[in-house]
Amino acid sequence: MYLYDHYDQAMVDARVAEFRDQTRRRIEGTLSEEKFRPLRLQNGLYLQLHAYMLRVAVPYGTLSGSQMKMLGDIADKYDRGYGHFTTRQNIQYNWIKLEDTPDILADLASVEMHAIQTSGNCIRNISADQYAGATADELIDPRPYAELLRQWSSFHPEFLALPRKFKICVIASDTDRAAMRLHDIGIQIVKNEAGEIGAAFYVGGGMGRTPIIAPLVKAFVPLDELITYSEACLRVYNRYGRRDNKYKARIKILVHELGLEEYSRQVEEEFAHLQTLNIEPPLAELERIKTFFADPAYETGLSDDLDLSNPAFAAWVKNNTAAHKTPGYAIVNISLKPVKVLADGTKEAGIPGDATGEQIRIMADLAKTYSFDELRVTHTQNIVLPHVRKADLFTVWEKLVAAELAEANLDKITDIIACPGLDYCTLANARSIPVAQKIAERMADKAEEIGELKLKISGCINACGHHHAGHIGILGVDRKGLENYQLLLGGCEGADTSLGKIIGPGFDEDGIVGAVEKATQVYLANKEGEERFLDTYRRIGMNPFKEAIYG
Amino acid sequence: MKIITGNDLKSGAVTWWNGAAWSLHVNDAADMGDEAAAVIAAEEAARRVNGAYVIEAEQTADGIRPAHIKERIRALGPTVRLDLSLDPTATPDKVL
Amino acid sequence: MADVQFLFREGEEAVSAPTVALSAFAEDTNATAVVIEPGEDARALIPHLDRLSLVEVTFPAFTDGRGFSSARILREAGYTGELRASGDIGVDMLSHLHRCGFDAIAPNAPLDLAQAETALKVWPQVYQATVVDGRKPIWALRHGL
Ligand code: SF4
């Protein structure tokens with residue numbers, strides 16, 4: 001894990017002092033709301049439906065146990081006992097007071113955390129593969145590059161008033177677990193034919209109103225030009241991105257309107273110019289950062305054997321653990337999508353991504369004891385313990401069961417991504433969470449039979465719930481003042497990224513639950529061999545689903 | 001009726017204008033008719049409220065009911081966490 | 001036009017030469033001071049840097065950050081005359097403007113001096129080499145560069 005040196009700490013402390021001063025000026029009245037708004041947003045503070053909401057950065061989704069514990073403590077001390085993990089690998093608190101915020105930021109700074117640039121028209125927190133450093137299928141750990149970019153993008157004076165927000169993602173595996181090509185810049189660390197490591201840049205992807213899969217802009221940027229090339233991409237965007245219409249202000253529109261060739265030509269020109277200025281940190285800096293991401297002291301000679309005689313444990317191992325690069329270890333996924341079975345047999349689904357302060361601390365403790373003090377937040381709103389000895393899996397599982405954190409449903413239909421929606425969000429058209437809960441409750445018994453099915457719900461066109469990228473996507477819209485839901489099929493955020501298509505007229509809340517159920521029935525009736533829902537959909541197309549749902 | 005809602009500047013709490021001050025309870029909201037804009041301007045200038053705006057609502061047997069679902073949720077709390085509502089009688093149906 | 005409130009050029013006064021618009025500048029070969037608006041290309045000035053003593057970059061809205069790029073581009077090209085930011089400028093922009101190469105600030109409304117002083121001192125160090133601010137970034141300090 002990256003550890004701050006006195007420079008990093010001084011920067012974060014300076015930010016806390018700056019925001020304390022800005023907050024004081026706002027409360028005293030020398031700073032207007034209009035001027036304060038972008039400043040608070042660049043510290044992650046929104047004014048939401050019920051209160052201020054604070055979004056805390058989890059850089060590239062990686063956290064230590066003590067950082068996680070702090071997140072739990074903040075939930076209890078300053079909020080109402082819970083936090084919400086987001087699709088941007090961050091956490092947000094829903095009931096924050098403006099006057100407390102400087103103190104919260106100071107508490108975060110004490111564990112090397114912050115809320116810097118988690119909102120606003122600037123370069124946002126950088127996301128990454130949640131299995132980085134633990135999975136066997138990656139070329140190299142992508143996080144040192146993400147950290148390098150984090151430092152470069154923090155308070156970059158040229159890029160704090162961009163046309164619109166800007167999201168960067170770094171991965172180093174062909175298995176894309178981070179929706180890399182749906183970012184403003186998606187970077188994949190690759191090896192070229194000469195065997196050198198470098199970065200492939202995909203620019204201009206995104207969801208929202210106009211979903212676009214990012215095209216490849218440059219296949220290989222050498223590692224000692226990563227920052228210079230990023231700066232060129234950003235400068236062209238800052239200068240020429242549209243500012244006349246906020247719905248056309250993302251870089252995807254610029255790339256689209258200029259055309260890929262012209263955008264890359266302009267970037268190349270700027271890149272050639274910036275290369276003459278020596279703005280690139282030396283490779284020694286990258287090496288310094290890399291030392292923090294060295295492998296933990298894995299034990300060797302561990303067995304891969306597991307006693308799977310307990311069926312509930314076996315189901316959890318099957319669904320929620322993934323292969324680790326080291327023999328005898330596993331990657332553990334903690335689902336934040338519980339579906340409780342009550343005494344009378346009815347089901348009660350939790351709120352996707354929510355965890356109580358106590359649960360957050362329990363996960364922190366588990367990380368300390370069983371996962372080399374490390375956790376990850378995933379864009380699917382779950383938590384990962386990246387390095388758990390297989391010999392400890394049963395104990396870890398038992399503790400998760402006791403904390404109601406052991407739902408064995410990773411990537412199943414009940415493992416739903418849902419944005420906060422109209423229950424919390426001022427921009428929403430419709431609620432997302434209750435729809436997620438009803439679907440999870442209705443489908444829980446079928447989840448295992450249906451297998452992998454990624455269902456994603458957004459409460460408005462901003463697509464925080466990634467509905468375009470769901471095998472099944474749901475989009476909340478406002479129909480004459482009533483909540484209405486559109487159904488999309490065929491999206492996918494993996495290596496074979498595709499965008500979902502709207503199947504037909506929308507539904508009310510009960511209607512959408514029924515439509516989802518019918519879609520799964522069509523799949524089960526048509527499935528061939530080992531096909532997943534998505535595979536069957538791609539083979540048979542939209543029509544059989546349409547007929548079943550509207551016929 | 002036309003009522004005013006906003007958020008308390010310092011705490012962020014949802015508030016409703018009762019004609020003389022801000023209340024946490026929607027049922028205290030006063031019908032402001034055409035005076036709303038002036039109240040909003042004055043209260044924002046005095047930094048007692050943030051992001052205040054006027055909405056349509058109606059007086060029902062159950063109390064004051066904002067016309068739009070968004071403000072009904074503001075008034076009663078997230079429908080998925082009514083344990084956090086200020087109104088102990090809040091149910092999802094009441095919000096909707 | 002608002003007055004220059006902050007001047008970071010040692011021992012000099014703000015340039016008082018009359019400014020012309022970028023569109024008129026190429027024709028007007030006597031002009032030594034020019035104004036560029038957010039949508040205009042600062043690079044158009046590069047052939048004329050020698051005869052310029054003032055470039056004023058406007059910020060009609062503080063949320064429009066194009067002027068930051070304009071400033072760096074001019075400094076990167078070797079411009080050494082006064083580089084003035086004017087318009088909708090608040091104290092919280094000051095250190096960023098300075099880091100992008102501005103050495104004169106003319107806000108629409110004068111800023112509180114004490115607040116400005118605090119804001120200018122916020123950052124003990126910086127993460128990036130903008131080059132044009134003359135500051136060594138943290139990575140250079142770390143590696144003794
Ligand atoms: S998708 Fe819309 S409703 Fe959901 S969190 Fe984003 S902005 Fe809010």
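Chain letters run A, B, ... following the sequence lines, proteins first and then strands; every chain starts at 1. Values reported hereafter were calculated over all heavy atoms of this structure, with side chains retained and with hydrogens, waters and symmetry mates removed.
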Neighbour count above 12 (heavy atom, 6.0 Å) for B/Asp34 CG: no
Ring-face cation contact, A/Tyr52 with A/Arg40, 6.0 Å cut, 45° max: no
Which atoms of A/Leu482 approach chain B - backbone, side chain, both or neither, heavy atom under 4.5 Å: neither
Residue B/Asn50 versus chain A: region with a heavy atom under 4.5 Å: both
Verdict with supporting geometry, B/Lys70 and A/Asp478, side chain to side chain contact (heavy atoms under 4.5 Å, CB included): CA-CA 11 Å; B/Lys70 180 168 158 180; A/Asp478 176 340; over 6 Å; no
Rounded distance [0.5 Å steps], OG in A/Ser458 versus CD in A/Gln486: 11.5 Å
Contacting region of A/Glu483 [heavy-atom separation from chain B under 4.5 Å]: side chain
Max heavy-atom pair count under 4.5 Å with chain A, selected residue of B/Asp8, B/Val95, B/Val14: B/Val14
Any side-chain donor near an acceptor of the partner, A/Tyr78 and A/Asp103, under 3.5 Å: no
Interface moiety of A/Ile351 toward chain B, non-hydrogen atoms closer than 4.5 Å: side chain
Side-chain donor or acceptor of A/Lys337 paired with backbone N/O of A/Ile416 under 3.5 Å: yes
Heavy-atom pairs under 4.5 Å with chain B, option from A/Asp100, A/Thr426, A/Asn429 with the top count: A/Thr426
Pairing of A/Lys438 and A/Asp510 as salt bridge, 4.0 angstrom limit: yes
Heavy-atom proximity to chain B below 4.5 Å, by part of A/Arg431: side chain
Side chain / backbone / both / neither for B/Arg74 at chain A, heavy atoms under 4.5 Å: both
Contacting region of A/Ile27 [heavy-atom separation from chain B under 4.5 Å]: both
Region of A/Gln437 in contact with chain B, defined by heavy-atom distances below 4.5 Å: side chain
